[in-house]
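Here's the structure, in structure tokens; my notes come after.
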Amino acid sequence: MDHLASPADLLEAAESYLLHLHSVLAHLPAAAAAAEAADPPVYTRVSGALAGSTIGKHVRHILDHFLILLAVERPDQCASYMKRERSTDTESSVGGGQAAIMRVVEMIRQKKQQQQQQQQLIQQHQQQQGELLVAADSRVFIEDTMPGNDTAAFVSSWARELWFCTHHMIHHNAIIACLMHEFGLQPPAEFAYAPSTLKAKQSTDSK
């Protein structure tokens with residue numbers, strides 16, 4: 001282990017991957033035109049390999065998880081990943097998806113400022129009872145649907161869930177990359193790879 005991840009590390013990682021996804025979407029219209037794939041638009045085109053799947057739906061699904069977690073404002077609050085909106089503007093157009101990504105990025109940037117301010121208060125010993133905002137190591141409860149359709153809650157931390165949302169995004173980016181290939185488009189070389197995969201690849205290439 002190189003070091004213990006700080007709240008800033010986790011928030012920076014989430015912001016970086018979201019901005020990368022934003023940049024990939026920015027190239028979709030031009031890439032689609034180059035591939036003569038304008039009708040229906042690539043963003044909303046249904047996959048023939050993965051029934052019902054579209055790039056837009058995966059973007060919306062990625063952002064839903066971030067939005068649910070970022071809505072947690074106090075320790076011991078419950079986040080429910082099963083309560084997600086569907087058929088939104090986020091999944092119906094590239095512009096809607098990009099705008100939604102930037103809204104989440106702005107929320108993450110605000111959270112970074114909150115974390116910095118809270119750390120300063122802790123260091124100055126000015127934290128007052130009842131004023132604590134959710135911190136990276138704060139306990140949160142996660143509610144989700146289990147096998148058999150039962151609803152259950154379990155204990156986690158805000159930081160762990162932020163890293164889950166980031167890794168969850170990477171895996172859905174991989175599906176988006178597969179859809180791009182299916183539609184005759186070329187995703188960026190490092191898009192949809194987890195940091196550990198890229199690190200292993202670099203190690204292998206250097207031998």
Side-chain angles (χ1 to χ4, degrees), residues 5-25 28 43 47 49-73 77-88 90-91 96-112 115 134 136-147 149 151-181 187-188 190-201:
S6 69
D9 292 332
L10 299 170
L11 289 162
E12 287 286 351
E15 181 180 346
S16 174
Y17 277 103
L18 284 164
L19 290 175
H20 193 186
L21 176 59
H22 184 277
S23 70
V24 170
L25 297 189
L28 274 185
Y43 192 72
S47 169
L50 191 59
S53 189
T54 71
I55 292 174
K57 287 181 180 179
H58 284 282
V59 172
R60 188 265 304 158
H61 181 80
I62 288 166
L63 298 180
D64 280 348
H65 284 71
F66 279 106
L67 288 168
I68 289 166
L69 180 64
L70 289 167
V72 173
E73 297 180 343
Q77 194 171 331
C78 184
S80 179
Y81 292 133
M82 63 184 180
K83 297 177 180 178
R84 304 190 304 273
E85 294 186 25
R86 292 171 171 81
S87 302
T88 65
T90 302
E91 66 183 57
Q98 288 179 298
I101 289 171
M102 292 313 298
R103 285 195 294 272
V104 175
V105 167
E106 182 57 33
M107 293 172 70
I108 286 175
R109 289 171 177 170
Q110 291 174 2
K111 182 67 71 174
K112 284 197 292 187
Q115 293 285 345
V134 65
D137 58 352
S138 292
R139 184 176 68 174
V140 295
F141 292 94
I142 303 301
E143 183 183 46
D144 212 338
T145 304
M146 306 299 286
N149 293 326
T151 300
F154 56 90
V155 178
S156 186
S157 71
W158 192 87
R160 178 65 189 86
E161 292 307 307
L162 179 60
W163 192 235
F164 158 72
C165 288
T166 303
H167 258 266
H168 174 258
M169 170 172 55
I170 293 168
H171 289 291
H172 277 273
N173 284 352
I175 300 175
I176 291 173
C178 289
L179 295 181
M180 291 178 69
H181 280 297
E190 294 189 355
F191 182 60
Y193 287 98
S196 57
T197 303
L198 294 174
K199 184 176 180 179
K201 185 178 185 302

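Please read all numbers here as calculations on a predicted model, not as lab measurements.
- In this structure, CD on Glu161 lies 11.0 Å from OG1 on Thr166, to the nearest 0.5 angstrom.
- Rounding to the nearest 0.5 angstrom, the gap separating the CZ atom in Phe164 from the OH atom in Tyr81 is 5.5 Å.
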Return a table of donor-acceptor pairs under 3.5 angstrom between the side chains of residues 169-176 and protein atoms on other chains or two or more places apart.
unit_1, atom_1, unit_2, atom_2, d
His172, ND1, His58, ND1, 2.9
His172, NE2, His61, NE2, 3.4
His172, NE2, His168, NE2, 3.3

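- The heavy-atom pair separating Gly97 from Leu25 by the smallest distance is C-CD1, 4.3 Å.
- The two residues Glu143 and Ser80 make their nearest non-hydrogen contact at OE1-OG, 3.2 Å.
- Note that CD of Gln77 is 12.0 Å distant from CH2 of Trp158, once rounded to the nearest 0.5 Å.
- With values rounded to the nearest 0.5 angstrom, Asp9 atom CG is found 9.5 Å from Trp163 atom CH2.
- Rounding to the nearest 0.5 Å places SG of Cys165 at 7.5 Å from CG of Leu70.
- To the nearest 0.5 Å, atoms CD1 (Ile68) and CG (Asp64) are separated by 6.0 Å.
- For the pair Met180 and Leu28, the minimum side-chain heavy-atom distance is below 4.5 Å.
- Annotation for Lys112 and Glu12: closest pair NZ-OE2, 3.1 Å, computed over non-hydrogen atoms.
- Using a distance-only test at 3.5 Å, with no hydrogens or angles considered, a donor-acceptor pair links the side chain of Lys57 to the main chain of Gly52.
- Counting heavy-atom neighbours within 6.0 Å of Met146 CE, excluding the residue itself, gives a total of 12 or less.
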Item to check | Worked verdict on Leu21 versus Phe191 for side-chain contact (heavy atoms from CB on, under 4.5 Å) | outcome: CA-CA 8 Å; Leu21 176 59; Phe191 182 60; 3.8 Å; yes

Distance-only donor-acceptor hits, side chain of residues 101-109, under 3.5 Å, sequence neighbours excluded:
unit_1, atom_1, unit_2, atom_2, d
Arg109, NE, Glu15, OE2, 2.8
Arg109, NH2, Glu15, OE2, 3.0

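- Contact record, Val140 with Ser157: CG2-C, 3.7 Å, taken as the closest heavy-atom pair.
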Item to check | Steps toward side-chain contact (heavy atoms from CB on, under 4.5 Å) verdict (Leu179, Tyr43) | outcome: CA-CA 10 Å; Leu179 295 181; Tyr43 192 72; over 6 Å; no

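- Heavy-atom minimum distance, Tyr17 versus Ala194: OH-C, 4.4 Å.
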